[in-house]
Amino acid sequence: MLEACHLRKKIDDRPVLSNVSFELGGGRVAGLIGRNGAGKTTLLKVMSGILDPDGGEVLFEGRSVHQEPEVKRELVFIPDTPEAWFGYTGWGAAYMFGQIYPRFDPLYFKETMIRFGLPLDRNIRHFSKGMRMMFSTALGLSTRAKLVLLDEPTNGIDPIAKKQVLTLLMEASADGMSLIVSSHLLEELERMTDTILLMRSGSVETHASEGVADGIVSKLQVVFQGEAPEAWLRSPDVRVLDHIGRVYTLLLNGAPGSVAVAELEAMNPLLVEPLAVRLEDLYVWKLGGEPNED
Amino acid sequence: MRIKANAWLHSMRPLFGREYAQAWLFIFAVPIVHFLTLGLQRMNRWSWSVDTPRMVKVSVQNGHSVYSYIYNYGIHEVAGRFWLLLAAFVLALVQLGVERRNGSQELLFSLPYARGRIFLAKWLLGAALFGGSLLLNTLIDAIVVAASPASHYWRLEYFSVQFGYSLLVVLAGYSFALLIGAFTGSVASQTILTWALVAFPSIFIELFDFSLQAHGIFMSRQGGSETYSPLMWGDLLRAWFNFFSYTSVRYEAIIWSQAQSLLVIIIASFAGGLFAYKRNPTENNGKLMLFKRGESVLRWGFILYVSMLAGTLGMTWVGLSAGDRVGYDIGFVVGCVLSIWIIRALLRMRFKY
């Protein structure tokens, strides 16, 4: 459905996207993660045609988003700040989107706004930050477009509203809508997505959400005999997540060719207990050593 | 054909709606203020006049020109044009400069419309607004004259020419303002550059002349009635490259070639604006200029402009016995150094507005 091919983009002469390529099939949900300033918003804006790539192209159902903008009748971008709707009421925004998106569902929009407790006839300018995000999400999903790109949809909203928004997204994906969700809520993303797009140094790594770190990293709780091997703990194949007393929680490089596990076994520790590897662990493993890219 | 046109208009409706939502205040304010400058002034002159039709005829027969006596030389139309031009500048600022700031441009670019269509919707809204205001107020003006003691001198050609010419002036100004907005990245740079470029031909010629004079080169460039000599190239430049001379022209001085020049400005500005808007690098919003080439032109133009200005000031302030040249050259070099430093800093900055 969506194909990003060798995307490149520089902003202020700094490469933000370098050779980004990935595919997303119909009805799939992808989580876009990465550190602040990694280029997540830039990637979403390039995919929605707001920014032109310096190289490469974005294809939606085989047609270029930039050359044939009419394909975006089935592709909607929801930004992290809906400032552009200031001056509109919920109804006003729905009326405009209803004229643009052929499958816009006003009844769904109304029901969702009521479900979120948002007034339909109040100016969006007078909504709180969280209310604005909920309104944006409701409006975007009401288009019933095949693909919706969401930039930090839970940004600034309280835990109850966050749960409501995530439920709404899961319902939309259950209805067959494809989503790309940029977020730092790793636990929620792990639960609701099929694919993880991890942004790192301007490129994207694609991981399946289920068994996200299989063959990449293993997580262990370890108690060493005697003194902990400081040099080994600082090696590039090992990352210490936690250390309480003599108990270490470690991430170990699980890629083929890594000898970290074998080295640990050779040390004959008192305790080695495997733990479930979460998306957060992969995030820390991949990006933990990198500074914010702001 | 008609079905196609209807379908096209239908597909453009959301864009027109969006533009209307941004500029609704103009839709009401522009015709009203335009009426204050034109229709109301004509009403003041004729609707409450104690003159009888016979008295008006006698005045005209006694040597008053119809256009000066009945139509007040057309100065109300000139005032109307200036008001509409000011409104066109502010509208272009709202449609492009402000839009970059409040996220509207990103919303529009994410919609399933080509950027060219978005730009066209903006231009059409402005053109319809100004065309509508001119048509409405010209009709009011015509009705006022037709119902006045001066109705004997009601001239269709007068109203037609004033309407057509004013429309060309305002559309030229509006298209030019949109063109500037299409390659500047902020409200501040759009404002400054619009006015700087409008004034550029006149000021540049003066600065260039000062520069030559400081170096002992004197060129005759102005003639005309004040010097009892034929018009020279300086006069022609002032007449043809000063936009305000197009705006302030009165009815009897309107000529076809001016109208043709305005048409060229409209077509060139619209085409240039469309070209720039289609290639709009959104990531540069907030900067002085959106395009690298634009930055280069601005950089060198600014340095030259400021250096020449500083040279002229140096010539005035540094009264050296060695003559004007030394003062000019000192000022020029100081201006050059300062302007390089200033423009480098300005081009790096991102402006909130």
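The sequence lines fix the lettering, A, B, ..., with proteins before strands; numbering per chain opens at 1.
Options A:F77, A:Y88, A:Y101 differ in how many heavy-atom pairs under 4.5 Å they form with chain B, and the most are formed by A:Y88. The greatest number of non-hydrogen atom pairs below 4.5 Å with chain B, out of A:I11, A:D12, A:V65, A:L75, is found for A:D12. In terms of non-hydrogen atom pairs under 4.5 Å with chain A, the most contact-rich of B:A114, B:P281, B:P112 is B:P112. For chain A, the option among B:Q105, B:R279, B:R350, B:R348 with the highest count of heavy-atom pairs below 4.5 Å is B:R350. Ranked by heavy-atom pairs under 4.5 Å with chain A, the list B:G103, B:P14, B:G17 is led by B:P14. In terms of non-hydrogen atom pairs under 4.5 Å with chain B, the most contact-rich of A:A84, A:G87, A:P79 is A:A84.
Checking side-chain atoms of A:S48 against main-chain N and O of B:S110 turns up no donor-acceptor pair under 3.5 Å.
Rounding to the nearest 0.5 angstrom, the gap separating the CD1 atom in A:I50 from the CG atom in B:N285 is 11.0 Å. Rounding to the nearest 0.5 Å gives a distance of 5.5 Å between CZ of A:F97 and CG of B:L107. Between atom CZ of residue B:R18 and atom CE of residue A:M96 there is a gap of 5.5 Å, rounded to the nearest 0.5 Å. Note that the OG atom of B:S11 and the CD atom of A:E70 stand 10.5 Å from one another [nearest 0.5 Å].
Heavy-atom distances place no part of A:F86 under 4.5 Å from chain B, backbone and side chain included. Proximity to chain A (any heavy atom under 4.5 Å) is shown, for B:L111, by both the backbone and the side chain.
A 4.5 Å side-chain heavy-atom check between B:H10 and A:Q99 finds every atom pair outside the cut-off.
Other residues, nucleotides and ligands place no more than 12 heavy atoms under 6.0 Å from the CH2 atom of B:W341. Within 6.0 Å of CG in B:L9 there are more than 12 heavy atoms belonging to other residues, nucleotides or ligands. Summarising the local packing, CD of A:E205 is surrounded by more than 12 heavy atoms from other residues, nucleotides or ligands at distances under 6.0 Å.
Looking at every heavy atom in both residues, B:R13 comes nearest to A:Y95 through NH2-OH, 3.1 Å.
Under the 4.0 Å criterion applied to side-chain N and carboxylate O atoms, B:R101 and A:E83 are not assigned as salt-bridge partners.
Annotation: residues 51-63 of chain A contacts chain B through A:L51, A:D52 [non-hydrogen atoms, separation under 4.5 Å].
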>> The test is salt bridge (charged side-chain N to carboxylate O under 4.0 Å, His left out); show your working for A:K10 and B:E283 and say whether it passes.
In response: CA-CA 9 Å; A:K10 277 186 178 178; B:E283 67 273 18; over 6 Å; no
